[in-house]
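Below, all heavy atoms of this structure are taken into account, side chains as well, without hydrogens, waters or symmetry copies. Just so it is clear, the model here is predicted, and its values are computed rather than measured.
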Number of protein chains: 2
Amino acid sequence: MTVDRLAHILRGHGLKLTSQRRAVLKVIAGSHGHLTPAAIYELVRKEYPTIGLVTVYRMLEVLAELDLVCRVHGETTCRSYMMRRPSGHHHHIVCSSCGKVVDFARCALDELQHRLSRETGFKIQGHLLEFSGLCQGCLGETAAEDHR
Amino acid sequence: MTVDRLAHILRGHGLKLTSQRRAVLKVIAGSHGHLTPAAIYELVRKEYPTIGLVTVYRMLEVLAELDLVCRVHGETTCRSYMMRRPSGHHHHIVCSSCGKVVDFARCALDELQHRLSRETGFKIQGHLLEFSGLCQGCLGETAAEDHR
DNA sequence: ACCTAGTTGAAAATCATTTTCAATTAGTTT
DNA sequence: AAACTAATTGAAAATGATTTTCAACTAGGT
């Protein structure tokens with residue numbers, strides 16, 4: 001999703017396009033991993049040094065509201081965001097070393113969900129699925145270290 | 001898992017059994033839902049009014065260390081705990097109304113995991129799976145409200 | 001070139017969690 | 001049973017993240 005496309009969506013919801021917002025969009029859309037509000041703030045500051053951390057928080061709120069961003073849960077951080085790339089239902093594989101995130105859509109949980117619903121009596125409305133591990137890049141580094 | 005059993009495990013790790021710890025264990029082991037540190041604190045205070053919130057935090061740290069407690073992620077809270085009931089690999093179904101949690105073990109993700117590993121190059125090490133919805137009790141209440 | 005509602009940033013307020021430290025206590029040793 | 005010691009406790013302070021408040025500013029319509 002390009003910054004322009006995102007900008008267009010914001011405008012469509014009656015939101016103003018400030019340069020601060022553009023800068024935040026650029027950082028989030030350009031990242032391949034999940035970012036905490038503080039990390040986004042630091043990155044945005046390189047391009048827009050006077051931006052306030054509050055603005056980042058507010059922007060994340062807006063993006064979450066419009067479902068353009070999704071939260072990544074991790075071992076420690078649970079308030080880490082990334083652009084929602086495929087629209088609709090999807091999940092993540094997170095690299096525990098570099099934070100890189102890859103999405104996947106087909107999760108084949110329908111059958112499990114039905115079984116659980118039957119067995120527990122819950123009316124199941126949603127689910128959260130995240131895999132964690134090491135991406136190819138980080139695997140390579142670990143292997144390289146082992147040779148030293 | 002009974003409080004006595006838990007107490008025994010703690011002792012086995014050279015930890016002292018204080019009445020504060022017993023009180024915290026009793027609350028967590030006696031709950032059928034997930035609890036935030038603050039919620040545990042409030043419940044424990046009924047039985048042990050002079051306990052400090054710090055002690056609750058420390059106890060959670062100890063229990064997490066020993067893998068006796070597990071974290072429940074929710075829409076909002078990500079630092080909510082509950083006793084780990086079945087030992088080993090398992091997941092949760094969380095009621096978004098009352099917070100009740102039911103565990104399940106067989107999650108049938110092996111095949112998905114292999115496929116994802118093959119497709120993305122990740123070495124997958126773990127996963128987080130949580131279903132959310134309404135438990136039978138809360139479903140009943142919603143239905144009852146609809147009749148008024 | 002206005003006008004106005006939405007937006008911004010600084011500072012303060014709030015809230016959760018961790019650290020520090022002196023006093024207390026469980027469980028062992030004598 | 002008294003003494004001992006390392007672990008534990010609670011209050012207070014420190015830290016860190018997030019939210020609120022508010023006056024100044026600005027994007028985008030008129």
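- Across the protein-nucleic acid pair, Arg79(A) atom CZ and dG16(D) atom C1' stand 14 Å apart, rounded to whole Å.
- Within 4.0 Å (heavy atoms only), Arg22(A) reaches no atom of the nucleic acid at all.
- Atom CD1 of Ile51(B) and atom C1' of dT9(D) are 9 Å apart (whole Å).
- Under the 4.0 Å criterion applied to side-chain N and carboxylate O atoms, Glu119(A) and Arg115(A) are assigned as salt-bridge partners.
- Heavy-atom distances to DNA chain C give each of Ser19(B) and Tyr41(A) a nearest nucleotide, and the one nearer the 5′ end belongs to Tyr41(A).
- Put simply, CG on Leu10(B) is 13 Å from C1' on dT8(D), counting in whole angstrom units.
- Side-chain atoms of Arg58(A) stay outside donor-acceptor range of the base of dG6(C), with no qualifying N/O pair under 3.5 Å.
- Close to dT8(C), at under 4.0 Å from its OP1 or OP2, lies a side-chain N or O of Arg21(A).
- Here dT8(C) presents its P atom at 10 Å from CG of Leu17(A), a figure rounded to the nearest Å.
- Atom CD1 in Ile40(A) sits about 14 Å away from atom C1' in dA17(D), given to the nearest Å.
- Contacts of Thr50(A) with the nucleic acid, taken as non-hydrogen atoms under 4.0 Å apart, involve only primed sugar atoms and P, OP1 or OP2.
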Let's go through Asp103(A) and His92(A) carefully: what are the C-alpha distance in whole Å and the side-chain angles of both, what is the deciding distance for side chain to side chain contact (heavy atoms under 4.5 Å, CB included) to 0.1 Å, and is it a yes or a no?
CA-CA 5 Å; Asp103(A) 312 314; His92(A) 302 136; 3.2 Å; yes
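- Aromatic ring pairs are classed by plane angle as parallel below 30°, tilted from 30° to 60° and perpendicular above 60°; the pair Phe104(B) and Phe131(B) is tilted.
- In this structure, Leu15(B) and Tyr48(A) both approach DNA chain C, and ranking their closest nucleotides by distance from the 5' end singles out Tyr48(A).
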Under a cut-off of 3.5 Å for both distances of each Watson-Crick or G-U pair, what dot-bracket string does DNA chain D give, using [ ] for crossing pairs and | for inter-strand pairs?
||||||||||||||||||||||||||||||
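- Across dG10(D), dT25(C), dT20(D), the shortest atom-to-atom separation from the side chain of Lys16(B) is found for dT25(C).
- Under a 4.0 Å N-O distance rule, the pair Asp4(A)/Arg22(A) qualifies as a salt bridge.
- Salt bridge status for Arg58(A) with Glu61(A): absent, with no side-chain N to carboxylate O gap under 4.0 Å.
- Regarding Arg45(B), its CZ atom lies at a distance of 17 Å from the P atom of dT9(D), rounded to whole Å.
- A straight line from CG of Leu60(B) to C1' of dT9(D) spans 16 Å, rounded to a whole angstrom.
- The phosphate of dG28(D) has OP1 or OP2 within less than 4.0 Å of a side-chain N or O from Arg11(A).
- Taking only side-chain nitrogens and oxygens, Thr18(B) comes nearer than 4.0 Å to OP1 or OP2 of dT9(D).
- Under 4.0 angstrom from either OP1 or OP2 of dT26(D) there lies no side-chain N or O belonging to Gln20(A).
- Between the Ser117(B) side chain and the Phe122(B) main chain, a donor and an acceptor come within less than 3.5 Å of each other.
- Checked against a 6.0 Å centroid threshold, the rings of His127(B) and His89(B) count as neighbours.
- Atom OH in Tyr57(B) sits about 16 Å away from atom P in dT9(D), given to the nearest Å.
- Under a cut-off of 6.0 angstrom, the local environment of CD in Glu42(A) is crowded, with over 12 non-hydrogen atoms contributed by other residues, nucleotides or ligands.
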